[in-house]
2 protein chains.
Amino acid sequence: MTIRVLVADDQSMVRAGFRMLLSGEPDIDVVAEASNGLEAIDKAARFDPTVVLMDIRMPDLDGLEATRRILAADPDARVLILTTFDLDEYVYEALRAGASGFVLKDDPPEQLLAAIRTVAAGDALLSPTITKRVIEQFTRIPRPAPPKELEELTGREREILRLVAGGLSNAEIAEELTISETTVKTHVTHILHKLHLRDRVQAVVLAHQTGLFEASARPPAV
Amino acid sequence: MTIRVLVADDQSMVRAGFRMLLSGEPDIDVVAEASNGLEAIDKAARFDPTVVLMDIRMPDLDGLEATRRILAADPDARVLILTTFDLDEYVYEALRAGASGFVLKDDPPEQLLAAIRTVAAGDALLSPTITKRVIEQFTRIPRPAPPKELEELTGREREILRLVAGGLSNAEIAEELTISETTVKTHVTHILHKLHLRDRVQAVVLAHQTGLFEASARPPAV
DNA sequence: TTCGGCCTCCTCCCCAGGTAGGAGGCAGCG
DNA sequence: CGCTGCCTCCTACCTGGGGAGGAGGCCGAA
């Protein structure tokens with residue numbers, strides 16, 4: 001099964017470069033090109049590529065917004081962001097927009113190919129320099145002292161609170177912990193009562209002010 | 001310049017496997033082995049390896065604590081964490097402990113080799129499946145990296161956002177600013193769209209993480 | 001003057017989230 | 001043994017919040 005690629009970049013030289021690079025790979029086909037965001041959305045819909053290689057800086061509509069819209073239309077679409085600059089803000093933006101990966105145009109060709117295959121396989125990938133920064137972001141932590149009332153929470157409740165503080169909905173939390181949404185609601189209700197809070201929004205505020213969120217950001221449980 | 005590797009894993013078969021795998025690489029030498037955390041710390045100090053391949057589950061002292069201590073002794077040390085299960089909830093803890101990367105033992109050999117070289121070069125790396133999870137975690141949560149969109153907010157919108165971040169309901173905000181609740185809703189809707197957020201909960205998370213919520217610290221009444 | 005951005009307010013509609021109340025399973029403890 | 005706390009899940013109900021869409025007034029820039 002060949003990997004169908006859409007190349008979206010406003011510079012024709014870059015597109016040509018990718019065509020050239022990818023033409024040497026038997027398992028990868030470039031099925032379309034786009035020179036701006038709007039075109040990318042259109043072609044993505046019409047050619048249904050396995051992977052969209054997306055530049056960020058493009059006329060008409062930038063790659064980030066284009067990514068958002070493509071993902072909105074087809075949540076299963078995979079977008080691999082290409083960029084020349086390794087500016088942080090774009091990374092976070094891109095990830096939040098739903099991109100599956102982020103590579104630099106001057107990464108070595110084998111890395112680019114590997115990235116395309118990785119993303120096509122449904123995994124995610126960041127180029128190493130980017131990974132490093134993401135990890136650094138992720139890692140730095142403050143930690144004040146928690147109010148004693150927090151201690152009245154059971155282990156499970158604290159776990160739930162952490163996820164609530166991460167901005168997750170009850171449904172997402174349920175999926176995360178593989179329990180029913182009803183159960184999540186029960187826990188949330190108990191948390192609110194114990195902490196004398198009105199709604200989850202206040203719980204988020206409290207969690208962040210006590211540093212509980214940063215202190216214990218937890219991974220998804222697959 | 002060859003890459004000097006220390007392999008720390010309690011299973012001798014795993015150590016042997018790595019010796020075998022790495023012996024085929026001219027630029028990589030296994031200079032020492034350790035079968036538990038304490039030994040790993042000791043050998044790391046004595047052999048000064050370029051990269052430490054570290055298992056998490058080990059007797060005496062687990063890989064996370066060993067990583068912390070090695071990093072404490074030598075901040076430039078590079079530790080690449082190995083794990084068997086990709087459900088390992090220790091990913092984040094490992095990163096926080098200062099590990100440079102995280103790979104699965106059953107990743108394809110080329111990936112493992114690439115990981116070692118990447119880490120040796122001073123970059124960071126997560127295996128694709130792990131990256132995917134980190135990203136998922138990362139994306140549903142509005143993240144730091146002050147989104148430039150924050151600047152696109154009008155003065156009024158920012159004012160509203162601050163109050164939202166304080167845990168106030170729309171009605172309370174309306175009263176606070178002596179405008180109608182409808183107007184507040186309109187502003188909130190605009191804020192969410194501009195920042196690409198789903199609901200006010202995520203807005204609160206974002207506001208707190210970007211430090212936007214400084215002055216008007218009005219915690220939810222205990 | 002016209003145009004666009006901002007602030008204000010409205011209606012109609014839907015759903016996620018919170019409340020109330022109950023219930024079964026399980027483990028630890030006196 | 002029975003009691004208690006925790007986790008799990010359920011139904012039924014109501015409301016706050018968010019989406020969509022429209023609208024009028026004010027002000028500064030072109």
Distance in angstrom units between [X] [atom1] and [N] [atom2], rounded:
X      : N      : atom1 : atom2 : answer
B/H193 : D/dG17 : NE2   : P     : 17 Å
A/D199 : C/dC15 : CG    : P     : 21 Å
A/I179 : D/dC6  : CD1   : P     : 16 Å
A/H190 : D/dC7  : NE2   : P     : 10 Å
A/L163 : C/dG17 : CG    : C1'   : 16 Å
A/N170 : D/dT8  : CG    : P     : 14 Å
B/L177 : C/dC7  : CG    : P     : 11 Å
A/L197 : C/dG18 : CG    : P     : 11 Å

Think [X] has a side-chain N or O under 4.0 angstrom from the OP1 or OP2 of [N]?
X      : N      : value
A/H187 : D/dT8  : yes
B/T183 : C/dC9  : yes
B/R200 : D/dG16 : no
B/T182 : C/dC10 : yes
B/T154 : C/dC7  : yes
A/R198 : C/dG18 : no

| request: Answer with base, sugar-phosphate or nothing: what part of the nucleic acid does B/T189 contact at a heavy-atom distance below 4.0 Å? | output: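 The answer is sugar-phosphate, as B/T189 gets under 4.0 Å only of primed atoms, P, OP1 or OP2.
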| query | Between B/E65 and B/R69, does at least one N-O distance fall below 4.0 Å, as a salt bridge requires? | reply |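 Salt bridge present between B/E65 and B/R69.
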| Does A/K105 pair with A/D9 as a salt bridge, N-O distance under 4.0 Å? |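 Salt bridge: yes.
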| request: With the side chain of A/K185 defined as its heavy atoms from C-beta on, choose the nearest nucleotide among C/dG18, C/dC10, D/dT8. | output: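 In terms of side-chain proximity for A/K185, the closest of C/dG18, C/dC10, D/dT8 is C/dG18.
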| query | Which of the following nucleotides, C/dC10, D/dG18, D/dT8, is nearest to the side chain of B/S180? | reply |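 Shortest atom-to-atom distance from the side chain points to C/dC10.
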| Modelled atom types, side-chain donor and acceptor of B/S180 and B/T183, under 3.5 Å |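 Yes, because at least one side-chain N or O of B/S180 sits under 3.5 Å from a partner of the opposite role on B/T183.
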| query | For residues A/H187 and A/R156, is any side-chain donor paired with an opposing acceptor at under 3.5 Å? | reply |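 No, A/R156 and A/H187 have no side-chain donor paired with an acceptor closer than 3.5 Å.
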| Is A/T186 side chain donor-acceptor paired with the D/dC7 base, going by distance under 3.5 Å alone? |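 Checked by distance alone, the answer is no.
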| Do you know the tightest heavy-atom contact between A/M54 and A/I70? |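 Nearest pair, atom of A/M54 first, then A/I70: CE-CD1, 3.7 Å.
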